[in-house]
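Okay, structure first, notes after.
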Amino acid sequence: MFAENYRSLRSIRMDLAGVNLFIGENGTGKSNLYRSLQLLQAAVRGNLAHEIAAEGGMSSALWSGSRRKDGPVRIRLAVELLDQERAISFHYQVEAGLRPPKASAGFAFEPMIKTEELAVETGRRPVTMMKRAGPGVMVRDADGRMQEYPGQVLTSETAVALLGDVGHYPEIGTFRQAVGAWRFYHGFRTDRNSPLRAPCLAVTAPLLDEDGGNMAAVFATLVHTREDTVDLDRAVAQAFGGARVVVPEPGETAEFGLIFPEFPQRIFQPRELSDGQIRFLGLSAALLSYRLPPLIALNEPEASLHPDMLAPLADIIARAAETSQIWIVTHSQTLADAVRARCGVKPRRVIREEGATWIEGMRLTGTLEDDDE
Ligand SMILES: Nc1ncnc2c1ncn2[C@@H]1O[C@H](COP(=O)(O)OP(=O)(O)OP(=O)(O)O)[C@@H](O)[C@H]1O
Ligand SMILES: [Mg+2]
């Protein structure tokens with residue numbers, strides 16, 4: 001994964017492993033790293049312009065420090081993704097820049113997609129499937145020839161999202177699906193009106209929504225569809241001193257409650273649980289759901305959790321890491337140590353050098369000086 005000119009990410013390349021653990025002080029750029037992954041997904045899903053506009057537009061998102069003189073300023077994001085099942089890897093890159101002053105009337109906050117390229121590699125050399133420069137998009141057709149894409153591509157939209165949808169280009173569609181399935185969780189709401197405290201529609205929920213709004217349905221799916229809640233029961237019992245989740249048969253809505261050993265006769269409703277308890281349940285739903293996404297990214301999952309909850313949290317992270325790639329940024333040395341003990345990965349320290357985010361011990365190529373244990 002590579003990011004350039006995005007906020008404090010002047011130019012940073014990271015090799016991602018099965019479990020990726022980053023620790024660092026306030027303002028070092030951990031959330032910017034997290035966000036760069038989200039923006040890559042947004043590019044692939046087709047809402048990059050929207051996401052950048054929503055965070056204040058290009059002038060806010062562009063790296064503020066000194067820049068190279070030899071070219072225009074652009075946010076560049078790239079990813080290399082290995083699809084083990086099909087034994088192919090994808091190489092995708094996108095560049096977003098400022099709109100020329102004349103064209104910006106009305107949509108000044110929106111970035112302009114300048115270039116894009118998707119290549120696939122099946123053991124031999126990478127083969128370009130799609131290449132874009134400005135409005136012109138070349139795409140490899142079913143006969144293997146690069147052709148100009150006949151449709152219209154707006155300067156605000158990515159070709160990878162547009163062509164991945166069309167269905168004529170299976171490789172682009174596969175890539176789009178893989179990246180589109182990543183899930184990001186950052187600070188579930190815990191206030192009284194939090195979606196995690198409300199019943200939700202009773203529809204089978206193999207995955208937790210990013211706002212946690214279908215948490216009750218995720219639990220109901222584990223209880224009534226998979227009929228296996230061993231991991232969930234263990235996590236909840238450990239985190240809440242022997243408590244147990246109860247999930248009634250879903251009707252129109254899915255609901256859940258907790259029974260604590262001190263009050264065996266009473267079911268506590270989600271609105272009666274503490275902020276930390278609701279957060280922990282949200283993380284359990286994210287990490288133990290019926291089906292796990294290929295990549296789960298967590299931004300400060302320890303927020304508002306007591307240190308005693310961090311060992312059970314590390315347990316469910318380790319459990320999820322058996323099937324998913326995990327990416328975590330944290331402030332908590334205790335959580336980092338607990339994940340390290342279970343997954344055998346070294347936490348990487350995020351630092352700032354001359355205003356730019358960097359990872360201690362990382363070479364320019366993105367590899368790390370010391371190998372994982
Ligand atoms: N356009 C920009 N150019 C350069 N630096 C920027 C830009 N926008 C934001 N920053 C810097 O990025 C830093 C914030 O990064 P980020 O939010 O990722 O920190 P963090 O490590 O997640 O901190 P915390 O632990 O407090 O959440 C700030 O110090 C800010 O100055
Ligand atoms: Mg942050």
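Just so you know, ligand 1 is whichever comes first in the structure, and atom 1 is the first atom listed for that ligand. Treat the numbers as computed from the prediction; the structure is a model and nothing was measured.
Proximity of a side-chain donor or acceptor of R348 to a complementary backbone N or O of I359 within less than 3.5 Å is not detected. Under a 3.5 Å cut-off, the side chain of D231 and the backbone N or O of L288 do not form any donor-acceptor pair. A distance-only check finds a donor-acceptor pair linking the side chain of R197 to the backbone of P270 [under 3.5 Å]. Without hydrogens or angle criteria, Q177 side chain to T174 main chain gives no donor-acceptor distance under 3.5 Å. At least one donor-acceptor pair under 3.5 Å links the side chain of D211 to the backbone N or O of G213. Counting only distance, with no hydrogens or angles, the side chain of T253 and the backbone of L201 share no donor-acceptor pair below 3.5 Å.
Residue contact check: L62 has heavy atoms under 4.0 Å from atoms 1 (N), 2 (C), 3 (N) of ligand 1. Within ligand 1, counting atoms from 1 as listed, the ones closer than 4.0 Å to a heavy atom of K30 are 18 (O), 19 (O), 20 (P), 21 (O), 22 (O), 23 (O), 24 (P), 25 (O). If you number the atoms of ligand 1 from 1 as listed, the ones under 4.0 Å from a heavy atom of N26 come out as 23 (O), 24 (P), 25 (O), 26 (O). Close contacts of ligand 1 with T28, meaning ligand atoms under 4.0 Å from a residue heavy atom, involve 19 (O), 21 (O).
Note: F260 and F240 have tilted aromatic rings, judged against thresholds of 30 and 60 degrees for the angle between ring planes. Taking the six-membered ring for Trp and thresholds of 30 and 60 degrees, F90 and F175 have ring planes inclined between 30 and 60 degrees apart.
Of the protein's heavy atoms, G27 N, 2.8 Å lies nearest to atom 23 (O) of ligand 1. For atom 4 (C) of ligand 1, the closest heavy atom belonging to the protein is R7 O, 3.3 Å. Looking only at heavy atoms of the protein, atom 29 (O) of ligand 1 is closest to R352 NH1, 2.4 Å. Ranking protein heavy atoms by distance to atom 2 (C) of ligand 1, first place goes to S64 OG, 3.2 Å. Looking from atom 12 (O) of ligand 1 to the surrounding protein, the closest heavy atom is N32 ND2, 3.1 Å. Atom 16 (P) of ligand 1 has G29 CA, 3.7 Å as its closest protein atom, hydrogens excluded (heavy atom only). Protein heavy atom nearest atom 27 (O) of ligand 1, with residue, atom name and distance: E300 OE2, 3.1 Å. Closest to atom 17 (O) of ligand 1 among all protein heavy atoms lies S31 CB, 3.6 Å.
Protein N/O/S atoms nearer than 2.8 Å to the Mg ion (ligand 2) total 1.
Outside the 6.0 Å centre-distance limit, the rings of Y34 and F22 are not counted as a close aromatic pair.
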Checking N32 against T357 for the side-chain hydrogen bond (donor to acceptor under 3.5 Å, both in side chains) test, could you report, in this order, the C-alpha distance in whole Å, the side-chain angles of both residues, the deciding distance, and whether it holds? CA-CA 9 Å; N32 292 339; T357 298; 5.0 Å; no

In sequence, state the C-alpha distance, the side-chain angles, and the governing distance for E300 and H186, and then conclude on side-chain hydrogen bond (donor to acceptor under 3.5 Å, both in side chains). CA-CA 7 Å; E300 291 185 27; H186 179 191; 5.7 Å; no

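Remark: of the listed residues E116, E117, E148, E117 is the sole one forming a salt bridge (charged side-chain N to carboxylate O under 4.0 Å, His left out) with K131.
Neither the backbone nor the side chain of R35 comes within 4.0 Å of ligand 1, counting heavy atoms alone. Contact annotation for L33 and ligand 1: no heavy atom of the residue comes within less than 4.0 Å of the ligand.
At least one cation-pi condition fails for R183 and Y185: the charged atom is not both under 6.0 angstrom from the six-membered ring centre and inside a 45 degree cone around its axis.
A heavy-atom separation below 4.0 Å is not found between G65 and ligand 1.
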